[in-house]
Structure formats: structure tokens, C-alpha cells
Amino acid sequence: MSQMEQSYFLQISGLKSEIQNLSGKIVKLNGADVVLLEYERLKRQNEELQRSERKAREEVEKEVAHVKSEYCQKEQEMDRLITDAEQEKQKALSLQSVVQKLTDQKAKRLTEDNRRQWQVWYQAKKAAMQGYVGVLTMICFVITGLSVIRQKVFCEDVIDFFRGFGKVIQILAVRIHSIILSLAEVSKNVSNDMVAVILKWMMVVLLWIMPVALIGFGIYKFWEKYGEDIRKGLDVWNCSVGVVALVGLVYFGDYMKEIVSINLFGMWLLVDVLLILAGWYVWGCKKYRGLC
């Protein structure tokens, strides 16, 4: 009995130890199940978080793509507006240049028309005034010419002037001829008398022709260069002043000769020369300033 009890007791003790071991294993297995369940729960949460994150990322990417597309559209619209603005600006500038050109052309045309009208009016008035003054000048000149015939003092001065001028020319010619003859005496060194005479008179002729030709050539070149300006400087007003000076000398010449002993005709010629020089100078000034 006791052996059986001991064996039973040993079996029970063994079973108890096995039960304790199994209980520990069960506890361990229960803890592992809890961990596994927690792992599963955390895994599911992680998957849900990943899905929500992926979904959020997709939504953010969609929003970013939408914003980018809108920005691209706005940028394209801005570029189109800028291009349109540049085109409108170019059109406005071209239109402005065309309008400015048309305005300038119209203003120039109106200015030219006004200038032409005023020029025609001025030329007509000038021609009328010059004709009027010319007629008066001719009348005064004719009256003065008729008065000169009856004015003894002026007629005597005219005769004296030409006599004195002729004497001066004669004296000058005689002196020049004597100088030429003295130069032609070189031909005396020739042994043949006939050849000497021919050579002498050939030298005289040549020495007379040379100064006359030089003087004539100088006058020709002077008139070729300044003749046009001198003719342009002579107008009705110069002639009128010359006629008025002639009238004054004719009618008041005898009183002037009582004060100063002068030749009235020479005085009138001097006044005419001064008038010609003054007209030449005035025309030259106008030509230099571009007024004519």
C-alpha cells in the first residue's frame, strides 16, 4: 500500500510538475498570442497609416499637379497677354508714326502753300511798287534831262568833266607812249636800219597791245566773277536815288558851287558809283544769309 501510494505520489508529483511546466508554457503561449495580436493590430494600423499616407500623398500630388497646370495656364495666358500688349504697342507706334508723318506732310504742304501765296503776293506787290517807282524815276529822269539842257552850270560841268577826262587820258597815253618809245630804242643796236625800224614799231605795237590786253582781260575776269552780283544789286531804288541826286545837283548846283568849287557831273558820277557799291554789298549780304 505504501509502495503504491509512493508510486502514485511520485506519479502525481510528476504530473504536477508537468502541469506546472504546461502552465508556464500556456502562460508563455498566451503572452505570445497577445504579442501576436498586438503585432497584428499594429500591422493593420501601419497598413492603414500607409494607405492614408499614400492617399494623402496622391491627393497632394494631384493638388500640386492641378496647381502646376493652373500656373502653366496662367503663365501661358500672361505670355499671350504680354505678346498681345507688344503687338498693340507696335501697332500704336506704327499708327503714331503714320499719323505723325501725315501731320508733318500736311503741315509742310500748308506751310508751302502759305509761303507760295505770300511769295506770289510779295512778288506782285514788289513788281507793282518797282513799276510805280520806275515810272516815277523815268518821269523824273526825263524832267531832269530837259532841265539839264536849260541849266547852264551843270552843262558846263559836264563839258569840263569830259574835257578834263580827255586831257588825263591824253597825258597818260603820251607818257605811256614815251615810255614805250624809250623801251623800243633797244632796236638801235641792230646794224640794219630797215630791220631796226621794223623791230622798233613791232615792239611799240606789242608794248601797246600788252597793257591794253591785260586791262581788258582783267575787266573781263572781274565782270565774269562779279558782274551777276553787280547787276542783281542794281534795282529801281538805286536808280531812283541816282535820279534824285541828279535832280538835286541840277536844281541846287549853282548854290553848291558858291559854297564848294566842285564839278557837279563828277559829283553825280561819284554818287552813282557809291550806289552801285552799296547795292553790290547789300546783295552780297543777302546771298550770304540765304535771303535770295
Determine, using the 4.5 Å side-chain heavy-atom cutoff (strictly less than), whether [X] and [Y] are members of one ILVMFWY cluster.
X    : Y    : answer
V271 : V244 : no
F162 : I262 : yes
L249 : I259 : yes
V168 : F165 : no
L275 : L246 : no

My understanding is that only residues two or more places apart in sequence, or in another chain, count here; which of them pass side chain to side chain contact (heavy atoms under 4.5 Å, CB included) with [X]?
X    : answer
K225 : none
Q87  : T83, D84
F222 : Y226, I230, W280
E75  : Y71, D79

Any donor-acceptor N/O pair, W118 side chain to D113 backbone, under 3.5 Å: no
From [X] [atom1] over to [Y] [atom2], what is the distance, rounded to the nearest 0.5 angstrom?
X    : Y    : atom1 : atom2 : value
I209 : M202 : CD1   : CE    : 10.0 Å
L269 : L274 : CG    : CG    : 11.0 Å
Q170 : L172 : CD    : CG    : 11.0 Å
W268 : N263 : CH2   : CG    : 12.5 Å
K89  : S94  : NZ    : OG    : 12.5 Å
K55  : K62  : NZ    : NZ    : 9.5 Å

Do other residues, nucleotides or ligands put more than 12 heavy atoms under 6.0 Å from the CD atom of Q96? no
Would you find more than 12 non-hydrogen atoms of other residues, nucleotides or ligands less than 6.0 Å from R80 atom CZ?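 More than 12 within 6.0 Å, yes.
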Residues in salt bridge (charged side-chain N to carboxylate O under 4.0 Å, His left out) with D229, at least two apart? K287
For R109, check salt bridge (charged side-chain N to carboxylate O under 4.0 Å, His left out) against everything at least two apart and list the hits. none
With sequence neighbours left out, what residues match [X] under side chain to side chain donor-acceptor pair (under 3.5 Å)?
X    : answer
K221 : E224
W208 : H177
E70  : H66
D104 : Q100

Option from K108, K106, E112 for which side chain to side chain contact (heavy atoms under 4.5 Å, CB included) with L110 holds: K106
Report the hydrophobic cluster partners of L81, with the cluster defined as I, L, V, M, F, W, Y residues connected by side-chain heavy atoms closer than 4.5 angstrom, directly or transitively. none
Apart from M78 itself, what residues make up its hydrophobic cluster, given side-chain heavy atom links below 4.5 Å? I82
Side-chain heavy atoms of L264 within contact of F161, under 4.5 Å: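 Heavy-atom side-chain distance check fails, nothing below 4.5 Å.
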